[in-house]
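Proteins get letters first, then strands, A, B, ... in listed order; numbering begins at 1 in each. Remember, it's a predicted structure, so these values are computed and weren't measured experimentally. Every heavy atom of this structure was used, including side-chain atoms; hydrogens, water molecules and symmetry mates were not.
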Amino acid sequence: MSEANILRSAIKAGELKAVDVSKSYGASHFTKEVVSACSFTIERGKLTVMIGPSGCGKSTLIRLLAGFEKPTTGTITLDGEPVTGPARDRLVLFQETALFPWMTTYDNILYGPRARGEVTQETLKLAEFLLTKVGLQDFRKKYPTQLSGGMQRRAELARAMINNPRIMILDEPFRGLDAMTKELMWEYYSALYEENRRTNFFVTTDIDEAIFLADRLLIMSNIPTKVRAVFEIDLPRPRRLADLIESDRSNQIKMEALSILHGEAMKSFSRGSKAAADFVDAYSKRMAKT
Amino acid sequence: MSAMVAAAPPLTRPTRGAIVIDDVVKIYDPDGAAVMAVDHCSLEIEAGEICMIVGPSGCGKTTLLNAIAGFHEITSGRILLDGEVLCSSEKPKADPGSDRIVVFQNGALFPWKTNLDNVAFGPLMQGQLNKSDALEKARGMMADAGLAGVEHNFPGEVSSGMRRRVEIVRALMNDPKVLLLDEPYRALDSLTKSVMHEALLEIYYKNKVTIFFITHDLEEAIFLGHKVAIMTTRPCKPKKILEVDIPHPRDYSVLTSKHFRELMEETNEAVHEEALKAFAAGEKEG
Amino acid sequence: MTARRKIRLDSVYWRGAISIVVFLVLWQIGSMSKIWIKWEAFEWLRDLLVAFGVKPIYLPWIGAVPAPTEVVAAWAGVLGDPGYWQSWYMSFFRVAAGFFAAMLIGIPFGLLLAVSRPAFGMGFPVFEMLRPIPPLAWVPASILFWPTQEMSIAFVTFLGAFFTIVINVVGGARAIDVRYFQAARSMGSSQSDIFWRIILPGTLPSIVVGSAVGMGITWEVVVAAEMISGGGSQIGGTSGGGLGFFIWNSYVGGSYEQIVVGMISIGIAGFISSELLRSLGKRVTPWLRLR
Amino acid sequence: MSGEPGETRLAESIVDIRGRKRDGHVQGINLTLYRLLQWSRSPRPYLMLIGFALFLGFWYLSVEVWKLPRFREMPGITDVIKEWLSPNPTYGLSLYTEEYYQHIGVSVWRVTQAFFLATVLGVPFGLFLGWSKKFKEYVFPVFETLRPIPILAWVPLAIVMFIASESAVIYLTFLASFFATALNTMLGVESIDESYVRAANCLGASKSQVFRHVIVPGALPFIFTGLQISIGVSWFSLVAAEMVSGQYGLGYVINTSYTMVRYPTIVIGMITLGAVGYVTSAMVRLVGDYLMQWRTRELALGGQ
């Protein structure tokens, strides 16, 4: 059986459910609510994208889903079992790379299996397959600092996939990349998803990225964040950037989503200092037009 | 931001700030191995035009900018500003001056000066204005660009979007002929970026300065530019020049217009090709 | 190597050499001032010195220092004497003993403070209270406490390096980004995994920096301890040997040239040991080198 | 082991989404009050007390109660405290005696002179080392050959050079500080991002204006790191110098109280040295924070 089939057959895509989860920090009169009564489902085998103005509490939500922090109220379950802490079935790709700088690419990828003592012949073959899959076969001995931004992201994808998580969580992973590499990574990542159909939860502030990747789009409100709107993106797969630009359906979704997003972004601006009012001014002019 | 865009006077092109890049070559020799960064590049930018330079990372776009600004030498060829020779094979290094001001990628506002002192820095240094006049003018320009209220904060205390605008205002305080922008909005998230684009156009319509703008983002290039030069991967030279015939003043609705999408398709192919070449060559991030 | 580049490198080398030669020449002239200051051409200089209330027998400060030629002559003389090399060995031995003890105890202690919150809560404030006390202030207490003079010197050198190493290790370990722990934990690492494969390698660069600075301080302390215990002050018992004592002995014996010989020898010894440490540090952290 | 999520997140979320300060100073005071509240409720102060209790307890038990070998000869904690606090101490040195403050005064005055001299000479020297390549190429090699020589190896030569032992002590303390200050100032200048200098050139600043408005403020953080090290190092070499050739000062006190078998005074001298050293370096840090307002505010924003 080729490694690709081993990988595909081993995948047990999970379903992550959040039921009116909320999170606040601090104590006494200094509390600050970041997530309030937020409920949503990340369906099995679907690529769900969450979009919201930057600083609206998305990263806090990711830390709750990954189990690094506990919600103040509400529950999070993966395939029915409650999420108690970080585990291999929910792996996170952070905004900045978390490749271990002191390990070569190969050691980074094999970290998970080695940590759990599950290194078999098959794992090594899988590692080889993943290395070639992400195009880093002749960069195995390099250290992360010697790789470009795009390569680091792909190495991290390989490091996560070898642990075969039931759900992959990505927090604006392509944010630091330049626009061109970013677009290439979109196509690369969505092809990877289409091949394995693992449950993916992708967070971003870029509307084009969201529409290109998503089966289902969650639009989040301003801080304290909750689900403001849900869009089913019924664009055909496999998705190509060229057809995204032409298709009227995707542009129509984009305009609808943008109008809600601007509404939310405006709320976060209007509460700031005088200078923020000018941002609102710029937005209101645009809203008047579209 | 106070003047409504629609009411802005019809756009007249200024007579200064025309740049001619004539057959420029630049060869680096990091520890001996001669690397050609710019390969016989020729490009003409009219006075008051927004010229966008698009190319994959590490392809030598910044080298061109550094040559115009006078930070680096060129190996051969000429660069002219309004007909005067900035640099040529005889005088390989142009001398920096306040007629060509650079806005850097990671920003270069002096973190130890308040935003107001930063903006007033240029005229103060050149002794054009005394302290109180300079601060007065700076306060006016900052208010004009929607930055009233953050004069006495330090750059580290305001958002990155706002820092960008303070830096552009600092440049415009010296009434330059050319603004050289090196991927100024790269680190911003796309919602803030869309606001920055409008703010830049707003300032451009009021100050009529030539803009030499380096970016990776094709959409940003076509939305802002009169002219878009798509560069090859290293060594860089213009591969395709696109005249963007969308009338100014522009605003965000342009993005969803049919004509804009046609322009995107036309250039997307060329840009994609270069990106793949750079991607395959495993170029370390520029 | 293009020609332009080669000249660049040479000129940096030449400029360095010229500046050292000029320094030596000035030093030579200054030290010989005992002779030329008496010539009538420098009559004005003598009046000037008198005006400043300085006896015009030589230039102030530099005049008292032996000239480079005298130092070289003294050094040639000393090279044959086994006592000189013996003091090199003694000093190196003491530095090595104090330094490795500081590494053996300091690194685990630093990691313990960084890893366990209660240990940090209890240990760090006491550590911070003792740290400002200069190591040499411990000499009398150390001589009181330890039976032999050798052990008391080793203890003080140990202290010198210990505080620096611990501070760097604690700082390095606590500066490791929380993302690495989260990533490791979600891939199923146990606590010992996290210690050996995240905390330790993550702290390695700070350990290297801490040890380099610590090495410098051990040399400072050894020299002083040898001087003080070697009769540098009334505390002194028998001669402890070592370069510090060699210098003090030369001073007491009145041969000032040997003082400078001793000083340069210690300078070279210190330089060699920190170079050794730096190359070891590079080999231990390959990922830093390939920035 | 992960960072305290609550506190740093809170500092971020209190400050507006785009990093803008919410409503100025009122926020600052509440924040520090709040941090104090958090600190008192967390286990940290109690652990600290346990730590000190263990250390002092061990000292007391080992010397005075269990009388362990080697520890027996050491001065016990009770003798030290009794000596330190008694109006007429057996060995003439306590909080009430005038001589105690004389020694402190002499030591502090010597460190201040040396530190001031090292700063006035070291900072400009470091700035020029970092600013002009040629100057560095000529001067730095000599600087680097002298630096590895341990400061205390200079003691005999200093005594020979400076007939008066007072100036010998000052010279030694100065030397230690000078190397630390000059080196860190140079590193500071070299750490300044190239684009600041270029931006200043673009804006028409002349070479000297760039030096004043970019190089000096830009190097300030490193300069103060250097000054912190320098004050520490100056105490380090002052003690040794005073031990070998001083008539007054804390180093001299520690040294003579050993030879005159006044053991508790040794410990008093050590503790005083530690305290005075701590206070002087804290002062350097305060001056640094004051001069670098922009850094302190930036760090506060980041929740430090």
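- Within 6.0 Å of CZ in B:Arg78 there are 12 or fewer heavy atoms belonging to other residues, nucleotides or ligands.
- Between B:Arg170 and D:Ala199, the closest heavy-atom pair is NH2-CB, 3.7 Å.
- For D:Phe128, the CZ atom counts as loosely surrounded, since its 6.0 Å shell holds 12 or fewer non-hydrogen atoms of other residues, nucleotides or ligands.
- Heavy-atom pairs under 4.5 Å with chain D peak, among B:Pro111, B:Ala171, B:Pro155, B:Gly122, at B:Pro111.
- Residues D:His213 and B:Phe121 bring their aromatic ring centres within 6.0 Å.
- Of the residues considered (B:Thr114, B:Leu109, B:Leu124, B:Asp99), B:Leu109 shows the highest number of contacts with chain D, using heavy-atom pairs under 4.5 Å.
- Residues of residues 60-71 of chain B lying within less than 4.5 angstrom of chain D, judged on heavy atoms, are B:Asn66, B:Phe71 in numerical order.
- Distance CD1/D:Ile192 to CZ/B:Phe110: 10.5 Å, rounded to 0.5 Å.
- Around the CZ atom of D:Phe116, the shell of radius 6.0 Å holds no more than 12 heavy atoms that belong to other residues, nucleotides or ligands.
- Summarising the geometry, atom CD belonging to D:Gln209 is positioned 8.5 Å from atom CD belonging to B:Gln126; distances are rounded to the nearest 0.5 Å.
- Around OH of D:Tyr278, the count of heavy atoms belonging to other residues, nucleotides or ligands within 6.0 Å does not exceed 12.
- The parts of D:Val214 that come within reach of chain B are both its backbone and its side chain, each placing non-hydrogen atoms under 4.5 angstrom from that chain.
- In D:Lys207, the NZ atom is not crowded: 12 or fewer heavy atoms of neighbouring residues, nucleotides or ligands sit closer than 6.0 Å.
- At a 4.5 Å heavy-atom cutoff, B:Leu180 makes no contact with chain D through either its backbone or its side chain.
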